[in-house]
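Before any comments, here is the structure.
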Amino acid sequence: MLDFLIAIVTFTAIYAMVSLGLNLQWGQAGLVNLGQVAFFATGAYTAAILTRANVPFLWAILAAAALAAVLGALVALITPHLREDYLAIVTLGFAELVRLILLNEKEIGNGPNGINAIPQPLHGVAGANYPLLFALLTLAALAAVFLFNERLRGAPLGRLLRAIRDDESVVASIGKSVLAFKVEAFSLGAAMAGAAGAFYAAYLTFIAPEMFTASVSIYVLVAVLIGKRGSNFGTLLGAVFVSILLEGSDFIKDYIPFGTGVQIAAFRIIVMGAVLMLVVLARYRTMVES
Amino acid sequence: MTTELLNVSMPELETRHLVKRFGGMQAISDCNLRIAGGSITGLIGPNGAGKSTVFSMISGFLRSDGGEIWFKGRRIDGLPAHRVARLGIIRTFQTPHELRELSVLENLMVVPRSQFGESLAGLLPFGGRRVRKEEHEIEERAIAVLRTVGLEHHAQHRAADLSGGQKKLLEIARCMMCNPKVALLDEPTAGVNPSLINDLMEVIRVLHNGGVTVVIIEHNMNVVMRLCGHVVVLDRGAVMCEGTPDSIQRDERVLAAYLGSPP
């Protein structure tokens, strides 16, 4: 039971970092990103390869975040004039591209077999309590990401990103380069997903391309949507909801008298879909009113 | 006499043989505008004459298909919008483009360029004091501008909640906040309550008295006559005639363009 709780907390913290990155891009700057999983995967693979080559975990996190940020900047640079819906399609396609490269390039991460035996940081220090230590490490990283996002939201930089979200032609008309700020927001959000990927790889000690499908991007999108786009605290709650739904069903199934494990696994996706639709319906109405 | 000649030969802002096509339609053909520094120039013409298109091309929001745009001896066509704005040419939008979810005050506070608070360094722990000081200065200036346009009581309101006329005032306030050299005002009085129009004209005069060259697209001839020293009439994408407001009002071609030529 306690082991399970620790696992949920770790997963939640990892998903929350990816979601907070999306909240920075989409919630603040209005950049739709349906390919957040690409940066998550980039971070996971970067950290896995580096830690296996005996690079310290802290450096691996930084490298994971940096490489994800560079990729994020590239995506933002090639899509500066795309409208919301087109940007959604391009980012979705970009994430598939990254996944297919990982699947087919044996040189990067053994293709479909993935990377195993990924070293864990501080392993052996805590002995049997290691999962708790790792959860605390992940929570510390989440806290740092959360505080950074909150500071940005309250800073003039956050105000400018929201100005871009509201109307980028105004931002251009006052003499500010919209592209520069879009690139900044997009790569910062990608870096957060990259850092989360580093924790993901170290936590599972095994990663493979099949873990980085488009559904991950959708899960974090749901987390941001549920939490009211733009709010960091709401995104955190949204991530808790999504991870409990995704990872908690193994636990709940002992308490549900009906259905097999497979049925419950399908049921949680139905629940998530229903919640997503309800949230969008509620938000959409307020958007039309204003 | 010499200075006048000099002014005529060296306008502050000039378009030469400007061309713009939308598909098969020639929206602007051979448009030659000469805007004297420090003037208030009215740009009038029937709907579809291409007035807003010319503004969009000057401000870099729209690429021209031919011709040149010059500002203070420098060719500016081809520059992206934010670079044109940095030179001091600031346009307002015909339909107000308020930043909806930001407060009225924030709508102006985003304006000043190279704010330390908008850099990543400003997010670092030691940057707090410098950002607060900067914010304080920007806020004071923004409130002063809001006072000029009479929106100071709405400073904390969401911009989306302003009335149509107030949004027009906010457009001009944003332009003022930019410290422009040239203000391109696109129909500032359209859709504004008639009781507010006098205030708006006063605001434009304040802008002008601050040394700003004003070019104004306007349908309200009363406003044009009272504000502008020079009027340019655009018809079917080219300059049809120009002169003082009085001479324009008596010009038969202008009447024909607006009302249709006599049979």
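Here the structure is a predicted model, which is why all the values come from computation and not from measurement.
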I need the residue from Ala163(A), Gly158(A), Gly154(A) with the largest number of non-hydrogen atom pairs under 4.5 Å to chain B.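 It is Ala163(A).
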Pick one of side chain, backbone, both or neither for [X], based on which atoms fall under 4.5 Å of a heavy atom in chain A.
| X | result |
| --- | --- |
| Pro125(B) | backbone |
| Arg174(B) | side chain |
| Phe116(B) | neither |
| Leu124(B) | backbone |
| Pro180(B) | neither |

Atom pair CD/OG of Glu171(B) and Ser173(A) - distance to nearest 0.5 Å: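 The distance works out to 7.5 Å.
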Side-chain (Lys176(A)) to main-chain (Pro112(B)) donor-acceptor, under 3.5 angstrom: yes
Show the nearest heavy-atom pair for residues Glu135(B) and Pro156(A), with the distance to one decimal.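 In terms of heavy atoms, the two residues are closest at OE2-CG, 3.3 Å.
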Looking only at heavy atoms, which two atoms of Asp166(A) and Arg100(B) are closest? And how far apart? OD2-N, 3.1 Å
Portion of Leu161(A) that has a non-hydrogen atom of chain B nearer than 4.5 angstrom: neither
Is the shortest side-chain N to carboxylate O distance from Glu101(B) to Arg159(A) below 4.0 Å? no
